[in-house]
> 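Sharing a structure, written as structure tokens. Questions coming.
All values below were derived from every heavy atom in this structure, side-chain atoms included, with hydrogens, water molecules and symmetry-related copies excluded. The model shown is predicted, which means the values in this text are computed figures rather than measured ones. A, B, ... follow the sequence lines: proteins, then strands. Residue 1 opens every chain.
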Amino acid sequence: MINNRELANTFTLIADLLEIKGENFYKTNAYRKAAENLLELSQEAHQIWEDGELQSIPGVGKAIADKIDELLRTGELEFLNRLTAEVPASLAEMVKIPDLGPKKVKLFWDELGITTVEELAEAAKAGKLADLPGMGEKSQARVLAGIEALGRRQTGRIPLGDAWGFGQSQLMFLRALPGVAAAEMAGSLRRMRDTIGDLDILVAAEDSEPVMEAFSSQPNISHIEGRGPTKTSVEFSNGLRAQVWVHPPQRFGTALQYATGSKDHNVRVREQALKKGFSLSEHALTREDGTELLCASEEEVYQAVGLPFIPPELREDRGEVQAGLAGTLPRLIKVANILSDLHTHSTWSDGRGSIREMAEAAIARGRKMLAVTDHSQSLGIGNGLSIERLMAQKEEINQLRQEFQGQITLLHGTEMEIKADGTLDYPDEILAQLDIVVASLHVAMRQPREQVTERMLTAIRNPHVDIIGHPTNRLIPDRAGADLDMEVIFQAAAEHGTALEINANPQRLDLNDIHARRAIELGVLLAVDTDAHAPEHFDFLPFGVATARRAWAAKENVINTWPVEKLLGWLENRPHP
DNA sequence: GCCGTTTTCGGCCCGACTGTTTTCAGTCG
């Protein structure tokens with residue numbers, strides 16, 4: 001069955017080819033928008049199709065719904081076949097080259113018959129591009145540079161955790177420059193997406209030139225892609241690209257709002273601004289008579305267009321503007337609300353810290369409760385605990401519990417394997433002796449959807465299992481998660497009162513934002529845990545909380561925010577229908 | 001092609017930077 005990604009790729013291809021053909025911008029944009037929305041669905045499109053509800057997908061009207069229907073029924077699309085007969089599909093590869101768009105690609109195709117990236121590189125090297133209308137020596141050189149850059153950038157988006165540290169160091173560098181009043185991260189890093197395309201940084205300064213000069217003179221920059229008074233784009237030698245904007249402090253609010261995006265959110269906000277009689281740009285809110293309303297803070301921007309402040313994590317055009325207008329935005333969970341970490345490891349299995357060290361690290365970060373959940377016996381690679389070792393561990397925790405009394409509550413638990421054959425790794429009578437049970441999938445992830453989903457349901461239905469750890473077991477950026485029927489998982493978790501984890505490790509962030517949001521809608525409780533394997537891993541927490549915020553989670557949706565007594569009561573007497 | 005508490009037809013955000021141009025087109029975010 002064709003999945004959402006394949007559908008999205010098909011519509012993106014259609015958009016690219018129509019654009020090269022010179023089709024109306026709004027029509028091509030409609031295909032792109034539909035593709036993006038397909039990727040944001042929490043369910044598979046074919047399930048929606050079976051219910052006959054395709055047009056309930058945002059951006060999908062009759063024409064696109066018919067095309068999805070044809071693709072799902074036949075695996076083919078007559079419209080696309082006719083289109084590729086007219087415009088070679090390989091041209092879509094060429095528009096991915098930086099600084100090349102549909103107009104230039106069409107020019108090379110019309111004038112020189114070029115249909116592939118290889119032919120384009122040859123033509124550029126042979127000097128055939130420079131004489132074309134609108135082209136010149138510099139543009140020809142840019143084409144070659146773009147093809148090289150395309151090769152370098154094949155790695156695509158980078159994990160949030162990797163971009164975070166680099167972004168912070170850039171912020172510190174900029175904030176230390178003379179004349180800089182403020183510097184803030186913007187773009188997808190500020191919105192805390194799980195992967196980051198490039199860094200967007202906003203600087204407040206009266207005089208932009210010295211800032212741009214200092215920024216683009218850093219030794220680890222491999223080349224400067226653009227350099228103007230308000231915007232500079234560079235590529236660092238590690239392959240990461242960054243853009244820096246400089247605006248005067250009194251315009252910082254509009255500029256930060258603009259640079260944070262997302263693009264779709266900004267379109268929505270600007271529509272709202274127009275209704276209030278303003279044209280909104282990064283510089284100001286401009287009235288129809290041309291006078292400007294300057295905003296030093298984002299709060300002022302949102303207020304002026306009639307909206308409450310919208311937290312960056314929500315700015316994805318997933319209904320946040322509408323909710324803001326209706327006054328139904330959630331009160332988002334905060335890092336400071338988290339009292340417990342319910343999924344951590346120690347040297348008993350594959351952790352790098354003793355239980356004592358982990359407890360001390362948790363106390364230092366203000367946690368009130370810590371669950372020690374080492375791996376279970378069948379996970380050999382993780383030094384999983386036999387029943388004998390599990391019981392010995394209980395002794396150690398009982399002793400430490402006395403020692404840490406009044407500082408932190410220690411729980412004895414397990415991260416239990418959901419085994420390949422669908423059974424669980426400890427018998428129920430052992431699980432009954434533990435304070436908390438996290439059940440996770442690590443092996444046989446490539447089983448067919450029905451089989452792996454059924455394994456997960458076995459764990460969810462077990463009355464001793466409290467939390468499902470990193471439900472899909474994806475790894476960012478390389479490993480897709482197991483092919484689970486998430487809708488069925490969520491319904492079962494809601495029914496049995498089993499919490500689903502948002503694993504805060506930036507390589508995991510699993511559940512992701514979209515799945516977690518759907519889970520909340522269906523009444524599922526979430527657990528935000530670090531899965532710490534070392535004391536410093538407790539610092540992953542903000543990534544997990546950010547993912548929960550992106551899922552529109554309020555404090556009460558996340559069991560880690562509950563007071564210790566309430567959470568202990570839940571673990572003890574969880575309703576098990 | 002999609003969409004609607006100002007619309008079922010007529011809209012659909014706004015600007016920076018570059019290169020090739022003497023006023024603008026293309027690309028990008």
Side-chain angles (χ1 to χ4, degrees), chain A residues 11 14-15 18-20 22-37 54-68 79 94-108 129-143 145-146 149 186-188 197-202 208 212 224-234 241-247 251 254-255 257-286 305-306 317 321-322 325-326:
Chain A
F11 290 121
I14 289 172
L18 286 178
E19 215 169 13
I20 293 165
E23 184 58 87
N24 175 295
F25 166 80
Y26 294 107
K27 184 186 282 195
T28 61
N29 203 40
Y31 281 107
R32 278 189 212 292
K33 191 75 201 169
E36 285 167 21
N37 288 328
L54 280 177
Q55 291 192 46
S56 70
I57 300 169
V60 174
K62 177 148 191 350
I64 292 181
D66 284 348
K67 290 183 176 68
I68 295 174
F79 174 80
M94 286 166 59
V95 299
K96 294 187 182 129
I97 298 169
D99 300 326
L100 278 196
K103 299 282 168 42
K104 291 277 175 64
V105 167
K106 183 170 195 304
L107 177 73
F108 302 147
L129 304 182
D131 296 334
L132 295 171
M135 292 289 292
E137 290 295 334
K138 281 191 176 177
S139 296
Q140 179 167 270
R142 243 174 128 91
V143 168
S188 55
D198 50 24
L199 295 184
D200 299 292
I201 304 174
L202 190 68
S208 79
M212 294 306 194
I224 297 170
E225 296 178 342
R227 168 86 189 269
T230 63
K231 185 174 113 174
T232 291
S233 308
V234 303
R241 282 178 297 153
Q243 302 187 81
V244 167
W245 286 271
V246 179
H247 286 271
R251 297 180 188 270
T254 42
Q257 198 282 328
Y258 159 79
T260 298
S262 67
K263 198 165 176 266
D264 291 331
H265 171 83
N266 286 354
V267 168
R268 202 64 81 180
V269 173
R270 286 172 182 181
E271 284 172 5
Q272 194 55 36
L274 285 173
K275 289 179 187 170
K276 292 279 174 184
F278 292 109
S279 166
L280 173 61
S281 78
E282 57 264 52
H283 302 289
L285 285 148
T286 307
V305 303
D317 191 25
V321 170
Q322 295 87 332
L325 288 171

> Can you check the A/D264 CG to B/dC12 C1' distance for me, whole Å?
13 Å

> Between B/dG4 and B/dT21, how many Å separate the two C1' atoms, rounded to a whole number?
42 Å

> Going by purine N1 to pyrimidine N3 plus the second Watson-Crick contact, or the G-U wobble pair, all under 3.5 Å, which nucleotide sits opposite B/dT8?
none

> Please state how far atom CD in A/E19 lies from atom P in B/dG1, giving the value in whole angstrom units.
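Those two atoms, CD and P, are 15 Å apart.
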
> Given atom CG of A/L18 and atom P of B/dC2, what is their separation to the nearest angstrom?
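In whole Å, B/dC2 P and A/L18 CG are 12 Å from each other.
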
> Is it true that the NZ or CZ of A/K67 lies under 6.0 Å from the centre of A/F79's six-membered ring and within 45 degrees of the ring axis?
yes

> For A/F79 and B/dG1, give me the distance from atom CZ to atom P, rounded to whole Å.
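Between P of B/dG1 and CZ of A/F79: 6 Å.
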
> Starting from the 5' end of DNA chain B, give me the residue, A/K27 or A/V95, whose nearest nucleotide shows up first.
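Upstream on the strand: A/K27.
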
> With heavy-atom distances below 4.5 Å as the criterion, would you say the side chains of A/T254 and A/R251 are in contact?
yes

> Work out how far the C1' atom of B/dC28 is from that of B/dC13, and round it to whole angstrom.
14 Å

> Scan nucleotides 3-11 of chain B against the protein and return all N/O pairs shorter than 3.5 Å with their distances rounded to 0.1 Å.
| unit_1 | atom_1 | unit_2 | atom_2 | d |
| --- | --- | --- | --- | --- |
| B/dC3 | OP1 | A/G59 | N | 2.8 |

> Distance check needed: B/dC2 C1' versus A/I68 CD1, whole Å only.
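Taking atom C1' of B/dC2 as the reference, CD1 of A/I68 is at 13 Å.
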
> Only counting residues at least two apart or in another chain, list the ones meeting ring-ring contact (aromatic ring centres under 6.0 Å, His included) with A/Y258.
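Checked A/Y258 against ring-ring contact (aromatic ring centres under 6.0 Å, His included); matches are A/W245.
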
> Please answer whether the main-chain N or O of A/M212 pairs with a side-chain N or O of A/T232 as donor and acceptor at a distance below 3.5 Å.
no

> For A/Q140 and A/L129, indicate whether the former's side chain and the latter's backbone hold a donor-acceptor pair under 3.5 Å.
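Confirmed, A/Q140 side chain pairs with A/L129 backbone.
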
> Please state how far atom CD in A/E36 lies from atom C1' in B/dC2, giving the value in whole angstrom units.
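Distance, rounded to whole Å: 14 Å.
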
> Using a cut-off of 4.0 Å between protein heavy atoms and nucleotide atoms, how would you tag nucleotides 13-23 of chain B 5' to 3' with B, S and -?
BBSSSSSS---

> When rounded to the nearest Å, what value does the distance between C1' atoms of B/dA25 and B/dT20 take?
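Roughly 9 Å separates the two C1' atoms.
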
> So what does A/I97 touch, heavy atoms closer than 4.0 Å: a base, only the sugar-phosphate, or nothing?
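Sugar-phosphate, backbone atoms only, no base.
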
> How many Å lie between CG on A/D99 and P on B/dG29, as a whole number?
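Distance check: A/D99 CG to B/dG29 P gives 9 Å.
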
> Could you work out the separation of B/dC12 and B/dC17 based on their P atoms and round it to a whole Å?
26 Å

> With a 4.5 Å heavy-atom cut-off, do A/L107 and A/L132 have their side chains touching?
yes

> Can you tell me the distance, in whole Å, between the CG atom of A/N24 and the P atom of B/dC12?
13 Å

> Would you say the side chain of A/V244 lies within less than 4.5 Å of the side chain of A/L202, judging by non-hydrogen atoms?
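Counting from C-beta outward, A/L202 and A/V244 never come under 4.5 Å.
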
> I'd like to check A/V269 versus A/V321 (side-chain heavy atoms, cut-off strictly below 4.5 Å). Are they in contact?
yes

> With salt bridge (charged side-chain N to carboxylate O under 4.0 Å, His left out) as the test, would you mind laying out the steps for A/E19 and A/R32 before giving the verdict?
CA-CA 11 Å; A/E19 215 169 13; A/R32 278 189 212 292; 2.5 Å; yes

> Which whole number of Å gives the distance between the C1' atom of B/dT8 and that of B/dG1?
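Between the two C1' atoms, the distance is 14 Å.
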
> Please state the C1' separation for the pair B/dC2 and B/dT7 - nearest whole angstrom.
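Each nucleotide's C1' atom is 13 Å from the other's.
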
> Give one of base, sugar-phosphate or nothing for A/K33, where a contact means two heavy atoms less than 4.0 Å apart.
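Touches nothing.
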
> Any heavy-atom pair between the side chains of A/K33 and A/D317 that's under 4.5 Å?
yes

